[in-house]
Amino acid sequence: MFNFVARSLRIKLLLVFIMMLLAFTSVHLVIRQHWTIPQLIALELEKDRKDIYQLNSALARVFNELEMLVYDNAVWDELYNVVINSDVEYLNENYFIPKSFVSLKINGMSFFDSKQALIAELAIDQQNTPLAHSPFNVLADPLKNKLLISPQELAANNNQVLFKKGFININGKLVLFMSGSVLPSSGMGELAGTMFVWSYFDSKIEQQLSEIIQAPVTSLSFSQASKVSPLIAFSEVDTVNSIRNEQSNINVIFNDVFNQPALVLSYPKPERMFNDHLFETSMVIALVMSLLILLVIYFILTIMIILPLRKLRSTVKEVMDRGDYKLSTHIERADEIGRLAYLIDILFSKVNVQQTALKRNNRQLKRLSDTDPLTGIANRRAMMQVLAHTTEQDMPISVIMLDIDFFKKYNDHYGHQQGDLAIKSVAKSLKKHVQRKTDIVARYGGEEFAIVLLNTSLHDAQTLASTMCESIEALNIEHQHSSVSSYLTASFGVTSCELFRDFTIETLFHQADNALYKAKEQGRNRVVSFSITPHQHAV
C-alpha cells in the first residue's frame with residue numbers, strides 16, 4: 001500500500017487535497033465555535049439591548065407629551081390664581097372637557113391645593129364616558145408623597161417648576177401619570193398646588209409605542225406575566241446575557257413609583273438570520289465544492305471575480321473618500337457582479353438625490369423652526385439666536401417689549417379665532433415699521449411681542465415705539481371691554497444700552513419687561529422707557 005502511494009502522484013495529490021480539506025474543516029470549525037457564533041450572538045444581544053433602550057425612549061416620549069401638557073397649563077398666572085382661589089367653575093368650563101381628554105389621550109385630570117387637598121377633578125373611562133369619581137379621588141399619604149408636589153419639595157428645588165411621573169396600579173389597572181407644580185408664568189414662586197393628569201396604560205398607549213419603534217408592542221401587568229419567560233428588568237438589561245425567548249419575543253419589566261415591578265412590555269423580533277449549530281448545510285456544501293475546484297479556483301476567481309470586485313471596492317472607496325455620489329462603477333456585465341454594480345450605481349444615485357433633498361428639507365425645517373406659525377414673524381427662539389451672535393458687538397442696542405392691553409377680556413368676549421386675527425394684525429403692523437434687516441420682530445409669547453433694534457439709541461427706539469403704539473390703536477380693532485380705549489391697544493416698554501457687550505441678554509429683557517410693567521401701571525396704551533448703564537448692570 002505504501003509503495004502504491006509512493007509511486008502514484010495522483011494518490012499523493014489526492015491525500016494532500018484530503019489533508020488540506022481536513023485542515024480547512026478543522027480551522028473552520030474552531031473559528032465557528034470560538035469566534036463566529038459568539039460574535040453573532042453578541043451582535044444580536046447588543047441589537048436587542050439597543051431595541052430595549054429604544055422602547056424606553058418611546059416610553060419617555062409618551063411621558064414627555066404629558067409633561068408638555070402639564071407645563072403649558074400649570075405654569076400660567078391665570079391658572080395660578082384659579083388654583084389659589086379654588087375656582088371650580090373656571091376649571092369645569094375651561095379644563096374638564098371630555099372631548100379634549102380624548103384628543104389629548106388622557107383619562108383624567110385633577111387639581112390639588114398646596115396642602116394636597118383635592119380642588120376639582122374629571123375622569124373618563126376607557127370608553128370615554130365620564131366617571132362619578134376618578135381613581136385618585138381619595139389618596140393615602142404614601143400615594144400623596146409619590147404623586148403630588150409639596151411646598152417642601154418645591155423649596156428644595158429652589159421654587160422652580162417640578163414634575164413627577166411614573167406608573168402605578170390603581171384599582172387593578174395600570175396607570176401612567178404626570179404631575180406638575182402650579183406656578184406663576186415666570187416658572188418660579190410659591191406653590192399654588194398640583195396639576196395631575198393620568199391615562200390608563202391600554203391599547204392607545206400600545207399603539208403609540210408601536211408606531212414609534214415600528215414593531216407591535218403589547219403590555220401586561222406584572223401579575224399577569226407570570227407565564228412569560230424570560231422577563232428582563234430594564235435596570236438589568238446591560239447585565240443579562242440572554243434577552244429574547246425561543247419565539248424571538250422580548251419581554252421587558254418596568255417598575256412603578258414604589259420601585260416595584262408593574263409593567264411588562266413585549267414585542268417580537270425577527271427570527272435569527274444565522275444558525276448557531278456547529279455544522280450547517282452551507283459549510284458542508286463549501287467543503288465539497290472546495291474539494292472539486294481547489295486546483296483551478298484561484299485563477300478563475302482572480303479573472304472573473306476578484307479583479308471586478310477590486311474595481312468595485314476602489315469605486316466605493318473613492319466615493320467614501322470624496323463624498324461624491326455622482327461617480328459610477330462603469331461595469332457592464334450580465335452576471336451577478338454586473339447586477340451588483342448596477343445596484344451600487346442606483347444606490348449612489350439615490351443617495352445623491354436624498355442628500356440634495358435632505359439639504360433642502362433641512363433648510364426648510366430651519367426656516368419653520370425659527371418662525372411663529374400664527375403670525376409668520378420670528379419666534380422667541382430665533383430672536384435669542386440673533387442676540388446670541390451679537391453679544392460681542394461694540395454698538396448700542398435697544399429692546400422694545402409690548403403686551404396687548406386686556407387681551408384676555410378680548411379673547412373671552414370675541415373668541416379665540418378673533419383673538420388670533422388680532423394678534424396677526426398687530427404683528428403685521430409692527431413688521432411694517434421695522435425695515436432694517438439687522439432688526440428683528442418676534443412673538444415673545446401669547447399676546448406679547450419683542451423688537452430688537454441693533455445700533456439704535458434709546459431716543460430712536462422710543463420714537464419708533466410711540467409710532468407703533470399709535471398704529472396699533474389706528475387699526476380700529478373694536479375692544480368693548482378695554483378700560484383705556486374703545487379699540488385694541490398695547491403697552492410698550494423700551495430699554496437701551498450703549499455697548500451691548502457690557503450687558504447680558506437677560507438684563508436687557510428684564511429691564512424692558514420692567515418698563516412694560518410701568519407702562520401698565522401708568523394706565524396702559526403708552527410707552528415707558530429708560531436706559532441702563534454698566535453700573536446698573538453690575539448691581
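A quick note: this is a predicted structure, and the numbers were derived from the prediction, not measured. Numbers here are sequence positions counted from 1.
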Fill in: Test: E153 and K164 ion pair at under 4.0 Å
yes

Practice prompt. Would you please classify the geometry between the F234 ring and the F254 ring as parallel, tilted or perpendicular, with 30° and 60° separating the classes?
Written response: parallel

Practice prompt. For the pair S181 (side chain) and L183 (backbone), establish whether a donor and an acceptor sit closer than 3.5 Å, ignoring hydrogens and angles.
Written response: no

Discussion item. Please check this pair: side chain of N157 against backbone of N159, looking for a donor-acceptor N/O pair closer than 3.5 Å.
Written reply: no

Discussion item. Quick check: closest heavy atoms across L59 and L209, and the distance to 0.1 Å?
Written reply: N-CD2, 3.6 Å

Worksheet item: Does a salt bridge link D113 with K115, judged by any charged N lying under 4.0 Å from a carboxylate O?
Response: no

Worksheet entry | Derivation of the ring-ring contact (aromatic ring centres under 6.0 Å, His included) call for Y95 and F111 | CA-CA 10 Å; Y95 283 88; F111 290 89; 5.5 Å; yes

Fill in: F96 backbone acceptor or donor facing S100 side chain under 3.5 Å
no

Discussion item. Would you compute the distance between atom CG of L516 and atom CZ of R526 and round it to the nearest 0.5 angstrom?
Written reply: 12.5 Å

Item to complete: Indicate yes or no for a side-chain donor-acceptor contact from D256 to the backbone of N259 under 3.5 Å, with no hydrogens or angles considered.
Response: yes

Practice prompt. Report the residue from I400, I377, D372 that forms a side chain to side chain contact (heavy atoms under 4.5 Å, CB included) with F449.
Written response: I377

Worksheet, complete the sentence: When every non-hydrogen atom of L91 is compared with those of A120, the smallest separation belongs to CD1-CB, 4.0 Å

Discussion item. If only side-chain N and O atoms count, and only distance matters, is there a donor-acceptor pair under 3.5 Å linking Y444 with D513?
Written reply: no

Worksheet item: What distance do S221 atom OG and K173 atom NZ have between them, rounded to the nearest 0.5 Å?
Response: 12.5 Å

Discussion item. Looking only at side-chain N and O atoms, does S429 offer a donor or acceptor that is under 3.5 Å from a partner on S471?
Written reply: yes

Worksheet item: Okay, side chain of T194, backbone of F196: is any donor-acceptor separation there less than 3.5 Å?
Response: no

Worksheet item: Do the side-chain N and O atoms of K409 and Q480 include a donor-acceptor pair separated by under 3.5 angstrom?
Response: no

Discussion item. With rounding to the nearest 0.5 angstrom, report the NZ to CG distance, K437 to L454.
Written reply: 14.5 Å

Worksheet item: For residues D420 and H416, is any side-chain donor paired with an opposing acceptor at under 3.5 Å?
Response: no

Item to complete: Run the salt-bridge test on D412 and K408 with the 4.0 Å N-O cut-off and return the result as yes or no.
Response: yes

Discussion item. What I want to check is whether the side chains of T456 and R436 have a donor and an acceptor closer together than 3.5 Å.
Written reply: yes

Worksheet item: Going through the distances and angles, do T489 and E473 end up as a side-chain hydrogen bond (donor to acceptor under 3.5 Å, both in side chains)?
Response: CA-CA 5 Å; T489 61; E473 188 172 12; over 6 Å; no

Fill in: Q127 backbone acceptor or donor facing D125 side chain under 3.5 Å
yes

Worksheet item: With distance as the sole test, does S199 use its side chain to make a donor-acceptor pair with the main-chain N or O of N107 at under 3.5 Å?
Response: no

Worksheet item: How many angstroms lie between OG in S483 and NE2 in H479, if you round to the nearest 0.5 Å?
Response: 8.5 Å

Worksheet item: Any chance the side chains of E121 and S134 put a donor and an acceptor closer than 3.5 Å?
Response: yes

Worksheet item: Cut-off 3.5 Å, side chains only: do E447 and Y410 have a donor facing an acceptor?
Response: no

Response to the item:
dist I149:CD1 -> Q116:CD (nearest 0.5 Å) comes out at 9.5 Å

Worksheet item: How close do F407 and A422 get, heavy atom to heavy atom, and via which atoms?
Response: CE1-CB, 4.4 Å

Practice prompt. Give me the one residue out of D405, N525, D403 that meets side-chain hydrogen bond (donor to acceptor under 3.5 Å, both in side chains) with S491.
Written response: D405

Worksheet item: Could you go step by step and tell me if F177 and F63 meet the ring-ring contact (aromatic ring centres under 6.0 Å, His included) rule?
Response: CA-CA 8 Å; F177 73 89; F63 277 110; 7.7 Å; no

Discussion item. Determine whether a donor-acceptor pair (N or O, by modelled atom type, separation under 3.5 Å) exists between the side chain of N56 and the backbone of I52.
Written reply: no

Discussion item. Looking at every non-hydrogen atom in both residues, tell me the closest pair between M195 and V70 and how far apart they are.
Written reply: SD-O, 4.0 Å

Fill in: Check against side-chain hydrogen bond (donor to acceptor under 3.5 Å, both in side chains), S266 and N249
CA-CA 7 Å; S266 177; N249 288 333; 5.1 Å; no

Worksheet entry | Parallel, tilted or perpendicular, as decided by the 30° and 60° cut-offs, for the rings of W198 and Y200 | perpendicular

